[in-house]
Amino acid sequence: MHPLVRDLYKRAIMVGRDYPHPRGIEFVRDAWKKALRDAQNYHPQAYSADPRGAEKELRKAVGRGRYAIREMIGVIQLKKYRTMRRRYGAGQLDVDGESKRILDACRDLIHEGN
Amino acid sequence: MKILVGVKRVVDYAVKVRVGANGVDLKNVKMSLNPFCEIAVEEAVKLKEHKKSNVSEVVALSIGPKQCQETLRTALAMGCDRGIHIMTDKRGDYMELQSDAVAKLFQKIVEEKENDVDLVLVGKQAIDSDCGQVGPMLAGYMGWPQATFAANVELDGDGLLVERETDQGTETIKIPKLPAVVSCDLRLNTPRYATLPNIMKAKKKKVDTYKAEELGVDLEPKNKVLEVFEPPPRKEGIMVDDVNSLLDKLKNEAGLIQ
């Protein structure tokens, strides 16, 4: 295996440990192994005539892989931020606008009834 | 300027915890860096990287068992220069080690082991104990000014300009002169993710280890935990047909309206 590809897989697994999926690291491992073996992404036979071109195409493919890892990191950060905001922030302690309107309407109806 | 950042090793935010015989069951549970502590580390590193700052060093401090070394490695990978690990086997989730002891340990480090710390950055609260007390307690013990729930921090001459996020809105306060303690809220920044090359570099950075018992601090819990239990499961919701039946239910069954 090309050392760049091995390094790419190691990076993917390192990030995959925090990836928010019900199956977790297994999902990441399966998806990445499948993608790395996929001939659509890179196949050395396509460039057997031109070894320098083959190396260049491989590096391009590794670049696309690293982009995919950056996207995974984005998903992890977003999920964490949204969960933390839901749990700890977002004006939790005051009554939000919609609930306030319902409660006010209820109060008016009760007073009207009396 | 030297910055000390507190990092805590807590149960990962995405884990569904179980309550065992002795509090929350921590066996084989995924642990990671407290999200608010990550925000504090990111702020410290950002201050260091800022062109106009004169931050010489960012030191990360963690209290806990030997696995805290991994937590410190993550903080070092995010950009801290050095790590301090206070070894203790006491549980940090309020069961054995409580905020008072932690604040006193921080004080010991700042006063005796690390001279000229100008800024202590901590997270707003830890997601396991949810106390939010270490920052304010430390400021009290040291006699330093404090700014909690910081949503924006700027260096301003000899001091800081901090925007605080409260329930009523945002207020800006000025700390005229450092040293100070700042606790970081969610909106402060987006913490960077420690990638493999940075983690490799972090392995070479220095981590000092001290034993908590040898630092001469009273580690006994000041509050006693009587009971730990899971919240009752949420009851199913019911659909109502019109406003009158909603009012009827609110009045008679829920007892929310007189």
Side-chain angles (χ1 to χ4, degrees), chain A residues 3-4 6-25 62 65-96 99 101-114, chain B residues 10 12-16 30-39 42 70 73-74 77 123-128 130 132 149 151 165-170 184-200 240 242-252 254 256-258:
Chain A
L4 275 178
R6 193 181 297 129
D7 172 76
L8 179 68
Y9 181 71
K10 281 185 181 167
R11 287 184 191 210
I13 292 305
M14 176 128 267
V15 173
R17 287 202 200 111
D18 297 326
Y19 195 73
H21 189 273
R23 281 200 297 137
I25 185 71
V62 168
R66 290 191 184 176
Y67 171 75
I69 292 176
R70 287 199 294 277
E71 291 291 296
M72 279 168 70
I73 292 175
V75 169
I76 293 170
Q77 287 176 323
L78 183 63
K79 187 97 201 280
K80 192 179 261 194
Y81 174 76
R82 281 197 178 147
T83 317
M84 286 294 117
R85 197 182 55 172
R86 218 175 288 136
R87 270 191 217 167
Y88 291 104
Q92 244 181 2
L93 292 171
D94 20 26
V95 180
D96 69 280
S99 310
R101 249 173 283 145
I102 294 175
L103 279 176
D104 285 346
C106 292
R107 217 171 285 129
D108 293 341
L109 282 171
I110 293 171
H111 286 313
E112 272 176 53
N114 294 352
Chain B
V10 298
D12 189 72
Y13 82 97
V15 166
K16 222 164 158 61
K30 182 175 179 204
M31 308 284 271
S32 59
L33 228 185
N34 182 35
F36 293 108
C37 296
E38 276 178 358
I39 294 172
E42 173 66 21
E70 293 164 24
R73 292 286 161 217
T74 313
K124 167 173 92 163
Q125 62 195 94
I127 60 174
D128 56 0
D130 280 322
F149 316 135
E165 185 139 345
T166 66
D167 298 328
Q168 314 298 325
T170 318
C184 304
D185 200 353
L186 196 61
R187 260 195 337 139
L188 185 53
N189 57 44
T190 308
R192 62 195 68 184
Y193 196 87
T195 53
L196 193 61
N198 288 337
I199 295 179
M200 292 284 131
V240 290
D242 55 17
V243 181
N244 284 330
S245 47
L246 169 68
L247 280 179
D248 177 56
K249 285 204 190 291
L250 284 173
K251 196 173 188 180
N252 300 328
L256 288 170
I257 320 176
Q258 263 72 47

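Everything quoted here is computed from the prediction, not taken from an experiment. The sequence lines fix the lettering, A, B, ..., with proteins before strands; numbering per chain opens at 1.
- With rounding to the nearest 0.5 angstrom, the CG atom of B/L196 is 11.0 Å from the CG atom of A/L8.
- Residues meeting the salt bridge (charged side-chain N to carboxylate O under 4.0 Å, His left out) test with A/D7, sequence neighbours left out: A/R11, A/R66.
- Taking every heavy atom of both residues into account, A/M84 and B/Y13 meet most closely at CE-CB, 3.5 Å.
- If you tally non-hydrogen atom pairs under 4.5 Å between each of A/K80, A/K79, A/M14, A/R17 and chain B, the highest count goes to A/K80.
- In this structure, chain A has a heavy atom under 4.5 Å from the side chain of B/E38, while its backbone stays farther away.
- Only the side chain of B/L250 comes within contact range of chain A, judged by heavy atoms closer than 4.5 Å.
- More than 12 heavy atoms of other residues, nucleotides or ligands shown are found within 6.0 angstrom of NZ on B/K30.
- Partners of B/D242 by side chain to side chain donor-acceptor pair (under 3.5 Å), not counting sequence neighbours, listed by chain and number: B/S245.
- Between the side chain of A/R87 and the main chain of B/I127, no donor-acceptor pair closer than 3.5 Å is present.
- For chain A, the nearby part of B/D130 is the side chain; its heavy atoms alone come within less than 4.5 Å.
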Side chains of residues 67-78 of chain A: which donor-acceptor partners sit under 3.5 Å, not counting sequence neighbours?
unit_1, atom_1, unit_2, atom_2, d
A/Y67, OH, A/E71, OE2, 3.3
A/Q77, NE2, B/P191, O, 2.7

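- Between A/Y88 and B/L186, every side-chain heavy-atom pair lies at or beyond the 4.5 Å cut-off.
- Only the side chain of B/T195 has a heavy atom closer than 4.5 Å to any heavy atom of chain A.
- Taking non-hydrogen atoms and a 4.5 Å limit, the residue list of residues 18-25 of chain A in contact with chain B, ordered by number, reads A/D18.
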